[in-house]
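Working notes, structure below.
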Amino acid sequence: MLKKMNQIRIQDRPIYDFYSYHGYSLWSFYQQILWEEIQRFHADDGRTKKRKKNYAFAPLKDLIQKIFILGISLVSFIIFLIKRPRVIVFSNDIVQGPFRTDLRINELYRFLNERNISYGEIIHTVFNRGIINRFLARRRPIFYLENADIVFSLTSRFKRKFFADIKLNQINWSDFSEKERSFAQGILKLFSKRAEISILKIKLFKWFFKILKPEFLFAIDDVRYYHELLLAAKLAGVKTCGFQHGRFNQYLVGWINYQIPPQKCLIPDSYFVWNEYWQNKIISLSPTFSYYQDRIRIAGKPGSIDQSQNIIHRTDDGIMAVLIPHEVKAVKYEINAYVEKFLACPKTKVLYRLRQDIPEEEQKKSVAQFLNHSDFKIVGPMTDSELRTVDVITGTYSTMLYEMVEKGIPIAVLESSTTEADDLVDEGMATKITLDSEICKMMKKISETKENVLKKSAEKFHTKADIKDTLSSIL
């Protein structure tokens, strides 16, 4: 479906060329979000239902938050003008750890603070999810990415459109079923508006960078939101650096850009990956990153995950401990079916690891039926000593699966509608299990994987690169 949409022609031009600005395809900017929409389209009702606002004063709360965002951003911009930061950091509106930021780039903040390098922040946020509370917890000036969206909503009626209106009846829909055509037409209407917002966003942040004149933009590589910033910085003469925050695979289409010419796609001037394994992976998967492979550098991890690479020697206490990380996209009833099977195995306990960026109660709802089970336990981040008690880690796509291969813990990939970690199975670093398999026997066998096999897999992720040395070479 994605490839078919990427082949749509508008006014006798490929869609990726129709929506372009300064030679770069805006359509390529939207690939990951488009893919998520397509997944919802194909998913069952259990995954497609969106939350509805269930409070009476939603419009008023939205207005207050928008005024708050505009006001805080204006004050922060004035502070930045006085401060003249050398670096602008882009990340998500997450407040974690000692630097009250996204833990996936925690070490980047540590370096900037320890070296007294001045920096400002651009934050992507989500409305109606504690914006004000997170700002108060962060306690420092920030400029919100969503300013452009708010300005667009206020000015779009009076502003001339950058792109011509699409005439849907002039597009060839012969490759689409009736249901697909209806979906694709709705998407084009949605993304034609998004393209107008992108133009405004690029112009706004080009102005932002030109006035502040920072030397660098450091950005977490969230391909759903950072491309406009990359282009704005490029047009303003600011160097851009992107930092890997998670896995790469064929399903993460925002890094791959299927059927879009690489020269029309935008990546940072320097793109920092964790190790050689991920460097080779992104180059092999993505024509875009293959085309720009001279920009890719092995840098070590910018996150706060323990970066020691020692193989964990597991503690044998006679109980098989199965660790399952909470996965946002996982289908609840599919995961729960596996949990039920695990708990039915003799001398087996299940540890359900919560994410730090999602409210705890929200995650617990996914496994509510097991909360009172004596062999089911909710856990948070785990130290190496705690991980030594884990015999098998299971999941469908979580980056944690890859990180635990590096730790030397056996991995079981669960077969489900959201399974994306097939590459671990294909490369011999994990075993796939299904609901109709003899799960207890398989899990026991996986838990007994020999240490030399685990070590061989772990070595694929090892690197001598250190994020502090990398940042020192830049700054």
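Within the 3.5 Å criterion, the main-chain N or O of I433 finds no donor-acceptor partner in the side chain of S437. Using modelled atom types, one side-chain atom of N249 and one backbone atom of L252 make a donor-acceptor pair closer than 3.5 Å. Judged purely by atom type and a 3.5 angstrom limit, Q259 has no side-chain atom pairing as donor or acceptor with the backbone of Q7. In this structure, the side chain of Q244 engages the main chain of W274 through a donor-acceptor pair within 3.5 Å. Looking only at distances, a side-chain donor or acceptor of T419 sits under 3.5 Å from a matching main-chain atom of L414. The backbone N or O of I123 lies less than 3.5 Å from no partner atom in the side chain of D93, so there is not a single donor-acceptor pair. The main-chain N or O of W255 is never found under 3.5 Å from a side-chain atom of Q32 such that the two would form a donor-acceptor pair. Judged by distance alone, with hydrogens and angles left aside, the side-chain atoms of E180 form a donor-acceptor pair with the main-chain N or O of S177 at under 3.5 Å. In this structure, the side chain of K432 does not engage the main chain of A412 through any donor-acceptor pair within 3.5 Å. Panel note: side chain N147, backbone Y144; a donor-acceptor pair is recorded below 3.5 Å.
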Quick one: do K3 and N6 satisfy side chain to side chain contact (heavy atoms under 4.5 Å, CB included)? Show the steps, please.
CA-CA 5 Å; K3 292 180 179 179; N6 284 350; 5.6 Å; no
Let's go through K455 and E451 carefully: what are the C-alpha distance in whole Å and the side-chain angles of both, what is the deciding distance for salt bridge (charged side-chain N to carboxylate O under 4.0 Å, His left out) to 0.1 Å, and is it a yes or a no?
CA-CA 6 Å; K455 185 175 181 179; E451 189 170 303; over 6 Å; no
Start with the C-alpha distance between F191 and W27, add both sets of side-chain angles, then the distance that settles side chain to side chain contact (heavy atoms under 4.5 Å, CB included), and finish with yes or no.
CA-CA 8 Å; F191 280 74; W27 187 252; 4.0 Å; yes
W35/Y251 under ring-ring contact (aromatic ring centres under 6.0 Å, His included): CA gap, chis, key distance, verdict
CA-CA 9 Å; W35 174 244; Y251 305 100; 7.0 Å; no
Applying side chain to side chain contact (heavy atoms under 4.5 Å, CB included), run through I187 and M5 and close with a yes or a no.
CA-CA 10 Å; I187 285 292; M5 292 198 68; 3.6 Å; yes
Give the C-alpha distance, both sets of side-chain angles, the deciding distance and a yes or no for side chain to side chain contact (heavy atoms under 4.5 Å, CB included) between L435 and K341.
CA-CA 8 Å; L435 278 172; K341 292 263 189 177; 4.1 Å; yes
May I have the step-by-step check of salt bridge (charged side-chain N to carboxylate O under 4.0 Å, His left out) for D391 and K444, ending in yes or no?
CA-CA 9 Å; D391 295 281; K444 180 68 174 173; over 6 Å; no
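Residue F205 is tested with F90, F143, Y226 for a ring-ring contact (aromatic ring centres under 6.0 Å, His included); the sole match is F143. Shown are K193, E228, H227; of these, the side chain to side chain donor-acceptor pair (under 3.5 Å) with S198 is made only by E228. Screening F99, Y119, F243, F218 for a ring-ring contact (aromatic ring centres under 6.0 Å, His included) involving Y109 leaves a single residue, Y119.
A salt bridge between K468 and D466 is absent, with no side-chain N of the basic residue lying under 4.0 Å from a carboxylate O of the acidic one. For the pair K201 and E146, the salt-bridge criterion is not met [side-chain N within less than 4.0 Å of a carboxylate O]. Between K365 and E361 no salt bridge is recorded (no basic side-chain N to carboxylate O distance below 4.0 Å). Taking a cutoff of 4.0 Å between a charged side-chain nitrogen and a carboxylate oxygen, E448 and K445 do not qualify as a salt bridge.
Classified by interplanar angle (parallel below 30°, tilted 30° to 60°, perpendicular above 60°), the ring pair H326/Y352 is perpendicular.
Side-chain polar atoms of D423 and Y402 form a donor-acceptor pair below 3.5 angstrom. Side chains of T396 and E327: a donor on one and an acceptor on the other come within 3.5 Å. In summary, the side chains of N92 and H124 do not present any donor paired with an acceptor at a separation below 3.5 Å, with no hydrogens or angles considered.
Atom OH of Y277 is separated from atom CD of E406 by 11.5 Å, given to the nearest 0.5 angstrom. Here the straight-line distance linking atom CG of L424 with atom CZ of R247 works out to 10.0 Å at 0.5 Å rounding. Annotation: the span from L26 atom CG to S192 atom OG amounts to 12.0 Å, rounded to 0.5 Å. Here the straight-line distance linking atom CG of L266 with atom OH of Y21 works out to 13.0 Å at 0.5 Å rounding. The structure places OH of Y225 at 10.0 Å from OG1 of T125, a figure rounded to the nearest 0.5 Å. Atoms NZ and CG, from K377 and L371 in turn, are 14.0 Å apart once rounded to the nearest 0.5 Å.
Summarising the geometry of R110 relative to P98, their closest heavy-atom pair is NH2-CG, 4.4 Å, with the distance given to 0.1 Å. In terms of heavy atoms, I267 sits closest to T288 at CG2-CG2, 3.7 Å. Smallest separation of non-hydrogen atoms from S457 and M429: OG-CG, 3.5 Å. Between G246 and T399, the closest heavy-atom pair is CA-OG1, 3.8 Å. The two residues A330 and I335 make their nearest non-hydrogen contact at CB-CG1, 3.7 Å. Residues K329 and Y397 come closest through the heavy atom pair N-OH, 2.9 Å.
Geometrically, K179 engages F41 in a cation-pi contact, judged by NZ or CZ lying under 6.0 Å from the ring centre and within 45° of the ring axis. A cation-pi arrangement is not found for K264 relative to Y24, the charged atom failing to lie both closer than 6.0 Å to the ring centre and inside a 45° cone about the ring normal.
Ring centroids of F29 and Y19 are separated by 6.0 Å or more, keeping the two rings apart.
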